[in-house]
Amino acid sequence: MFIKYDEIELIEFFESEPIFIGDEEAAGEYMYVRRQGDFKIILVISTYEMYIKVAVSYKENVIYSEKHSSISEIKGIDKNTLKVSSSNHDIVIINAPQIGVFVEE
């Protein structure tokens with residue numbers, strides 16, 4: 001299994017190409033970063049291990065950071081919202097009007 005997602009949706013949401021972690025073809029780990037003023041949201045995707053790490057920082061100080069396992073899909077809801085589905089809960093990542101992460105039980 002692996003995480004289903006549309007790479008174009010993620011590039012449009014984060015307004016940047018992913019950064020490959022480790023060996024580009026074998027590792028299956030990607031990092032997306034989006035900056036908005038002094039805020040930054042970071043999403044690390046491990047497609048093969050089926051987890052994500054999401055963090056929000058303000059002026060290089062981490063406000064929120066959490067690892068979520070058993071991720072099945074990442075889908076764009078609209079141009080400002082991503083929904084990450086797992087077996088336990090959903091994670092909603094927002095990039096406008098303000099960066100935010102919500103965990104829905």
Side-chain angles (χ1 to χ4, degrees):
M1 289 289 295
F2 59 91
I3 299 174
K4 289 184 357 182
Y5 64 92
D6 182 339
E7 187 175 335
I8 301 299
E9 280 183 346
L10 293 179
I11 291 171
E12 290 174 356
F13 181 86
F14 285 96
E15 297 181 342
S16 66
E17 297 282 329
I19 300 165
F20 297 99
I21 301 171
D23 181 16
E24 183 174 332
E25 293 182 22
E29 286 193 345
Y30 309 95
M31 179 170 61
Y32 291 88
V33 179
R34 179 171 177 136
R35 290 175 175 78
Q36 184 178 346
D38 291 330
F39 287 92
K40 180 170 44 175
I41 189 161
I42 301 163
L43 177 68
V44 174
I45 302 171
S46 179
T47 56
Y48 303 126
E49 295 180 29
M50 297 179 63
Y51 73 80
I52 65 163
K53 293 178 186 174
V54 63
V56 176
S57 65
Y58 176 72
K59 292 186 177 181
E60 304 306 319
N61 295 310
V62 177
I63 299 170
Y64 170 82
S65 179
E66 193 165 353
K67 179 179 177 180
H68 300 275
S69 300
S70 302
I71 303 299
S72 58
E73 182 178 28
I74 302 172
K75 183 159 181 67
I77 302 299
D78 57 41
K79 69 178 187 169
N80 298 317
T81 310
L82 287 178
K83 184 175 182 178
V84 181
S85 299
S86 80
S87 59
N88 302 329
H89 52 270
D90 292 332
I91 301 102
V92 178
I93 302 172
I94 300 172
N95 67 16
Q98 181 175 333
I99 287 175
V101 177
F102 302 94
V103 179
E104 299 178 336
E105 297 297 327

Visitor: Please round to the nearest 0.5 Å and tell me the distance separating atom CZ of Arg35 and atom OG of Ser57.
Guide: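 Result: 8.0 Å between the selected atoms.
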
Visitor: Using modelled atom types only, decide if a donor and an acceptor are shared between the side chain of Asn95 and the backbone of Phe14 within a distance under 3.5 Å.
Guide: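 Not a single qualifying donor-acceptor pair exists.
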
Visitor: Quick one: does any side-chain atom of Arg34 pair with a main-chain N or O of Ile42 as donor and acceptor, under 3.5 Å?
Guide: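 Not a single qualifying donor-acceptor pair exists.
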
Visitor: Mind jotting down which residue pairs meet the salt bridge (Lys or Arg N to Asp or Glu O under 4.0 Å) criterion with at least one end in residues 83-93? Sequence neighbours excluded, please.
Guide: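 As it turns out, the salt bridge (Lys or Arg N to Asp or Glu O under 4.0 Å) pairs with a partner in residues 83-93, which skip direct neighbours, are Lys83-Asp90.
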
Visitor: Nearest 0.5 Å, what's the NE2-CE distance between His68 and Met50?
Guide: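 Here the rounded value is 14.5 Å.
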
Visitor: Out of Leu10, Ile41, Ile94, Ile77, which residue meets the side chain to side chain contact (heavy atoms under 4.5 Å, CB included) rule with Leu82?
Guide: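 Looking at Leu10, Ile41, Ile94, Ile77, the match for Leu82 under the side chain to side chain contact (heavy atoms under 4.5 Å, CB included) is Leu10.
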
Visitor: Taking side chain as C-beta onward, heavy atoms only, is Ile71 less than 4.5 Å from Ile91?
Guide: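 Yes, their side chains come closer than 4.5 Å.
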
Visitor: Please name all residues satisfying salt bridge (charged side-chain N to carboxylate O under 4.0 Å, His left out) with Lys75, sequence neighbours left out, ordered by chain then number.
Guide: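 Per chain and number, Lys75 pairs via salt bridge (charged side-chain N to carboxylate O under 4.0 Å, His left out) with no residue.
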
Visitor: Looking at every heavy atom in both Tyr30 and Thr47, which two are closest together, and how far apart are they?
Guide: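 Closest pair (atom of Tyr30, atom of Thr47, distance): CE1-CG2, 3.9 Å.
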
Visitor: Can you tell me how far apart CZ (Phe13) and CG (Asp6) are? Round to the nearest 0.5 Å.
Guide: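 Going from CZ on Phe13 over to CG on Asp6, the span is 13.5 Å.
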
Visitor: Let me see the working for Val84 and Ile93 under side chain to side chain contact (heavy atoms under 4.5 Å, CB included), right down to the final yes or no.
Guide: CA-CA 8 Å; Val84 181; Ile93 302 172; 4.1 Å; yes

Visitor: Is there a donor-acceptor pair under 3.5 Å between the side chain of Ser86 and the backbone N or O of His89?
Guide: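 Yes, the answer is positive, given that a donor and an acceptor are paired below the 3.5 Å cut-off.
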
Visitor: Please tell me if the side chains of Lys40 and Glu60 come closer than 4.5 Å, counting only heavy atoms from C-beta onward.
Guide: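 Lys40 reaches Glu60 side chain to side chain.
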
Visitor: Using salt bridge (charged side-chain N to carboxylate O under 4.0 Å, His left out) as the criterion, list what pairs up with Glu9, not counting sequence neighbours.
Guide: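 Result, salt bridge (charged side-chain N to carboxylate O under 4.0 Å, His left out) vs Glu9: none returned.
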
Visitor: Side chain to side chain contact (heavy atoms under 4.5 Å, CB included), that's the test. Do Ile45 and Tyr32 meet it? Break it down for me.
Guide: CA-CA 8 Å; Ile45 302 171; Tyr32 291 88; 3.9 Å; yes

Visitor: What distance do Ile3 atom CD1 and Glu73 atom CD have between them, rounded to the nearest 0.5 Å?
Guide: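 With rounding to 0.5 Å, CD1 (Ile3) is 10.5 Å from CD (Glu73).
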
Visitor: In the structure I gave you, are the side-chain heavy atoms of Glu29 and Tyr51 within less than 4.5 Å of one another anywhere?
Guide: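 Touching, per the 4.5 Å side-chain cut-off.
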
Visitor: Hey, does Ile11 have a side-chain heavy atom less than 4.5 Å from the side chain of Glu17?
Guide: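 SC-SC contact between Glu17 and Ile11 confirmed.
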
Visitor: Say whether Ile63 and Ile99 are linked into one hydrophobic cluster, either directly or through other cluster members, by side-chain heavy-atom distances under 4.5 angstrom.
Guide: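 Per the 4.5 Å side-chain linkage, Ile63 and Ile99 are co-clustered.
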
Visitor: Quick one: CZ on Phe2 to OH on Tyr48, what's the gap to the nearest 0.5 Å?
Guide: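 Spacing of CZ (Phe2) from OH (Tyr48) equals 8.5 Å.
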
Visitor: Given the rule that I, L, V, M, F, W and Y join up when any side-chain heavy atoms are under 4.5 Å apart, are Val62 and Met31 in one cluster?
Guide: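 No.
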
Visitor: Determine whether Val92 and Val101 make a side-chain contact, defined as any pair of heavy atoms from C-beta on separated by less than 4.5 Å.
Guide: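 When only atoms from C-beta onward are counted, Val101 and Val92 do not touch, as no gap falls below 4.5 Å.
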
Visitor: Could I get the full list of salt bridge (charged side-chain N to carboxylate O under 4.0 Å, His left out) partners for Glu104, not counting sequence neighbours?
Guide: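 Expected list: none.
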
Visitor: Could you list the residues that satisfy ring pair (Phe, Tyr, Trp, His ring centres under 6.0 Å) with Tyr64, not counting sequence neighbours?
Guide: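 Ring pair (Phe, Tyr, Trp, His ring centres under 6.0 Å) check on Tyr64 returns nothing, list empty.
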
Visitor: Who are the ring pair (Phe, Tyr, Trp, His ring centres under 6.0 Å) partners of Tyr5, not counting sequence neighbours?
Guide: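 Partners of Tyr5 under the ring pair (Phe, Tyr, Trp, His ring centres under 6.0 Å) test: none.
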
Visitor: Could you tell me whether a side-chain N or O of Ser16 sits under 3.5 Å from a main-chain N or O of Val33, the two making a donor and an acceptor?
Guide: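 Judged by distance alone, yes, a pair lies under 3.5 Å.
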
Visitor: So do the side chains of Leu43 and Lys53 get within less than 4.5 Å of each other, counting heavy atoms only?
Guide: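 When only atoms from C-beta onward are counted, Lys53 and Leu43 do not touch, as no gap falls below 4.5 Å.
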
